[in-house]
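First comes the structure, then the notes that go with it.
These numbers come from the heavy atoms of this one structure, side chains and all, not from hydrogens, waters or symmetry mates.
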Amino acid sequence: MAAWLDTAQDSSGWTLTDTGRLEELVHWMSHPDTQYPALVCFAGNGNRVRALRALFPHNNVTRRGPAALMRLHLSTETAGTDHPVLFAEWGIYSSSGFADPALYRNSGPKFRQYSVSQRTSGSTADMNLHVISQVVLPWTQILCLFVDSVSEMRELQRLLDQPPHKIQVGSRSVAVRFKIVIVLTAPQDYASHELAAAVPQDQSHDVVAPEITFVDLRDRHELSPMAAFEPLRRVILDKLQSVQVEQRQHGLLFSAIHLCALWKSNLESQMRGLDTTAFDSLRVARKNYSSTLNRKACLVEFLRQAEKTGCDAQDISSFVASAILIDAYPPGMHCESTHPPT
């Protein structure tokens, strides 16, 4: 079952359903404690499904199941690699209703429902945009939007106009936002600058304007799906590589195990109305952490051992700085070796 998130409304307000799909996929990974996944989201019109079939031919993305707000898959081609790709998809322009959570309530022990404390009024579309922007997009590295009409452009703007929810490390604001790829597929006559104008450019000091890339496939509709979406595949692969570099630089390259735990913690805090503007991953990791070690003695011993093995002074400094920054993250969260090179 690919269903991941869904929303529903009754007389008491809104409910968000988490089927436990993310935890299920992490369990399927070959070594999730040392794998560092990226989340790529595909949203928009029906051409996103054609793209998913071409980009992930070994995944059954069209398998029938609960019509949830959002579905989540693990790329079978990357499941055993150090950097697996998780991809989510939803029809942002659809006005139809979504599945009754009772249809997949017994799908597994990780199934959870949350009462949404914010935005208890408004349309289903408004609530869904709120959940996507606040719960999913903060953990997204690449957002692919399939846009083929003026009305779809307006809906795109509604999504991107949502105030961003940030992931930060301690008191340090992390100036990293997901990368946007706007995919044009219908052979219609409209210019890409119309879409660029719809994307908000936040000028505040701690928020970086999103990086936008246009992939124009309008002259490729007569090709096979694999050939038609080849330019999109190349763009995504290129951006995934740059994302890994940025995540390392900002201390946000989490293992699959810890990504799952942090995402769940963020979701719970959001539903309780806490941490509505930012999620401090370091504070959460330190929640149950107590150090009984003498840092000075450990540092002296580390430097002594590093000198014996002939480590470069710059490498030692970088390692120590990194260790101090992430000292309270659980073991295995950081991708760097915990031993000096020999």
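- Under 4.0 Å is where a charged nitrogen must lie from a carboxylate oxygen, and between E23 and R112 at least one such pair does.
- Contact record, F178 with L137: CD2-O, 3.6 Å, taken as the closest heavy-atom pair.
- The closest side-chain heavy-atom distance from L22 to L72 is below 4.5 Å.
- Taking every heavy atom of both residues into account, R48 and G91 meet most closely at NH2-N, 3.5 Å.
- Side-chain N or O atoms of Q141 include one that pairs as donor or acceptor with a backbone N or O of W139 at under 3.5 Å.
- Between L69 and T17 the shortest side-chain heavy-atom distance does not fall below 4.5 Å.
- Note: L160 CG to L143 CG = 6.5 Å, rounded to the nearest 0.5 Å.
- Contact of the F56 side chain with the E77 side chain is not registered, since no non-hydrogen atoms from C-beta on lie closer than 4.5 Å.
- Using a distance-only test at 3.5 Å, with no hydrogens or angles considered, a donor-acceptor pair links the side chain of S133 to the main chain of L129.
- Panel note: side chain D6, backbone L16; no donor-acceptor pair is recorded below 3.5 Å.
- Between R220 and E230 there is no salt bridge, since none of the side-chain N atoms of the basic residue sits less than 4.0 Å from a carboxylate O of the acidic one.
- Contact annotation: the side chain of R21 never approaches that of M70 to less than 4.5 Å [non-hydrogen atoms, C-beta and beyond].
- Between the CG atom of L145 and the CZ atom of F42 there is a distance of 10.5 Å, given to the nearest 0.5 Å.
- For the pair V183 and N47, the minimum side-chain heavy-atom distance is 4.5 Å or more.
- Judged by distance alone, with hydrogens and angles left aside, the side-chain atoms of T81 form a donor-acceptor pair with the main-chain N or O of T78 at under 3.5 Å.
- For Y36 and F254, the ring centers are positioned 6.0 Å apart or more.
- Here the side chains of V135 and N266 are not in contact, with every heavy-atom distance at 4.5 Å or above.
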From CA spacing to verdict: side-chain hydrogen bond (donor to acceptor under 3.5 Å, both in side chains), K239, T213: CA-CA 10 Å; K239 292 192 177 300; T213 302; 2.9 Å; yes

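- When atom types are taken as modelled, the side chain of Q35 and the backbone of H31 share a donor-acceptor pair closer than 3.5 angstrom.
- Using modelled atom types, no side-chain atom of D238 and backbone atom of R234 make a donor-acceptor pair closer than 3.5 Å.
- The pair E307-R304 fails the salt-bridge criterion, with no side-chain N (NZ, NE, NH1 or NH2) lying under 4.0 Å from an Asp/Glu carboxylate O.
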side-chain hydrogen bond (donor to acceptor under 3.5 Å, both in side chains), that's the test. Do D148 and T185 meet it? Break it down for me. CA-CA 7 Å; D148 284 332; T185 54; 2.6 Å; yes

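- S255 is not listed as a side-chain neighbour of T34, based on a closest heavy-atom distance of 4.5 Å or more.
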List the steps and the verdict of side-chain contact (heavy atoms from CB on, under 4.5 Å) for V61 and E89. CA-CA 9 Å; V61 297; E89 58 99 1; 5.7 Å; no

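- Between A125 and R158, the shortest heavy-atom contact is CB-NH1, 4.3 Å.
- Here the closest heavy-atom approach between residue P225 and residue A54 is recorded as O-CB, 3.5 Å.
- Here the side chain of H221 pairs a donor or acceptor atom with the backbone of R218 at under 3.5 angstrom.
- Using a 4.5 Å heavy-atom threshold, the side chains of T140 and V40 count as separate.
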